[in-house]
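Here is the structure we will look at, set down as structure tokens.
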Amino acid sequence: MIRPATIGDLDAIMRLERASFPSDAWSEAMMREELRSPHSRYVVWEEAARLLGYAGLRAVAGARDGDVQTIAVAESARGRGQGRMLLRTLIAAAHERGVRDLFLEVRADNPVAQELYRSEGFAETGRRPRYYQPDDVDAIVMTLDVAGWAAARGTESAASPDPTSQDRANPAASGEESANSAQTCEHPAGGWCT
């Protein structure tokens with residue numbers, strides 16, 4: 001079940017955050033602020049009362065642009081399409097908030113997450129050299145036309161699961177298994193995340 005995140009999810013989110021992004025996890029204080037911000041929308045994926053994934057969107061009310069902040073799926077739960085579901089939930093939330101252009105950053109060394117984003121309509125629009133630290137990995141900036149995405153899928157089915165598909169933007173976010181376990185997005189600790 002995907003549901004809105006609450007401050008009560010903070011401990012479980014932080015456990016998954018640290019496991020998914022060991023070299024540059026957000027601090028608990030940063031994540032708490034994200035969960036409390038009126039400009040953020042975070043969701044979690046739970047199964048059998050266990051938090052197995054989370055994702056966050058930053059979209060200021062009335063703003064044209066929004067950012068996918070982070071997506072993570074527990075390693076044991078990848079390959080089931082839930083990362084894609086989390087991403088679609090964020091895109092649908094951006095559409096509801098009137099966002100036109102949705103941005104994210106993804107690690108250049110994570111082709112699995114890049115393919116997920118491309119398959120949902122994101123296109124590469126730039127690069128940030130050596131953005132991910134301490135790993136010295138470039139960030140690929142990707143952008144999505146939210147209205148076009150919603151029109152292509154129909155507003156009611158925008159966040160519907162695709163049971164045949166696989167998904168911070170890392171393999172954890174993608175919901176797919178990958179030999180590359182590096183994250184594809186970053187947070188305010190080193191920038192912003194997807």
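Small disclaimer: the values here were computed from a predicted structure and weren't measured.
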Checklist entry - Are L51 and L35 connected in the hydrophobic side-chain network, where two residues link if heavy atoms are under 4.5 Å apart? => result yes
Item to check | Connected via hydrophobic side-chain network under 4.5 Å: L104 and V60 | outcome: no
Nearest heavy-atom pair of [X] and [Y]: which atoms, and what distance?
X	Y	result
A5	I13	CB-CD1, 4.4 Å
G56	L90	O-CD1, 3.4 Å
R127	A108	NH1-CB, 3.9 Å
R41	P4	NH2-CG, 4.5 Å
A59	V99	CB-CG2, 3.7 Å
R153	S119	NH2-O, 3.8 Å

Straight-line distance of [X] [atom1] to [Y] [atom2], nearest 0.5 Å:
X	Y	atom1	atom2	value
R15	S20	CZ	OG	12.5 Å
D11	M31	CG	CE	12.0 Å
L57	T70	CG	OG1	12.0 Å
S40	E33	OG	CD	9.5 Å
I91	E96	CD1	CD	12.5 Å
L16	D9	CG	CG	11.5 Å

Item to check | Atom CZ of R100 with >12 non-hydrogen neighbours under 6.0 angstrom | outcome: no
Item to check | More than 12 heavy atoms of other groups within 6.0 Å of R50 CZ | outcome: no
Are [X] and [Y] side-chain neighbours, meaning at least one heavy-atom pair lies under 4.5 Å?
X	Y	value
L87	E120	yes
V73	L52	no
L86	I2	yes
E17	E28	no
V44	R3	yes
Y131	D138	no
E115	V112	no
E124	Q114	no

Heavy-atom donor-acceptor pair, [X] side chain to [Y] backbone, under 3.5 Å:
X	Y	answer
D135	Y132	no
T89	M85	yes
R97	A92	no

Checklist entry - Between F122, W149, F103, which is the residue that forms a ring-ring contact (aromatic ring centres under 6.0 Å, His included) with Y117? => result F122
Next on the checklist: Quick one, Y42 with E34, criterion side chain to side chain contact (heavy atoms under 4.5 Å, CB included). Give me CA distance, side-chain angles, the key distance, then yes/no.
Outcome noted: CA-CA 8 Å; Y42 276 70; E34 283 292 300; 2.8 Å; yes
Next on the checklist: Whether R58 and D67 form a salt bridge (side-chain N of Lys/Arg under 4.0 Å from carboxylate O of Asp/Glu) is what I want to check.
Outcome noted: no
Item to check | Check ion pair E47-R80 (N to O, under 4.0 angstrom) | outcome: yes
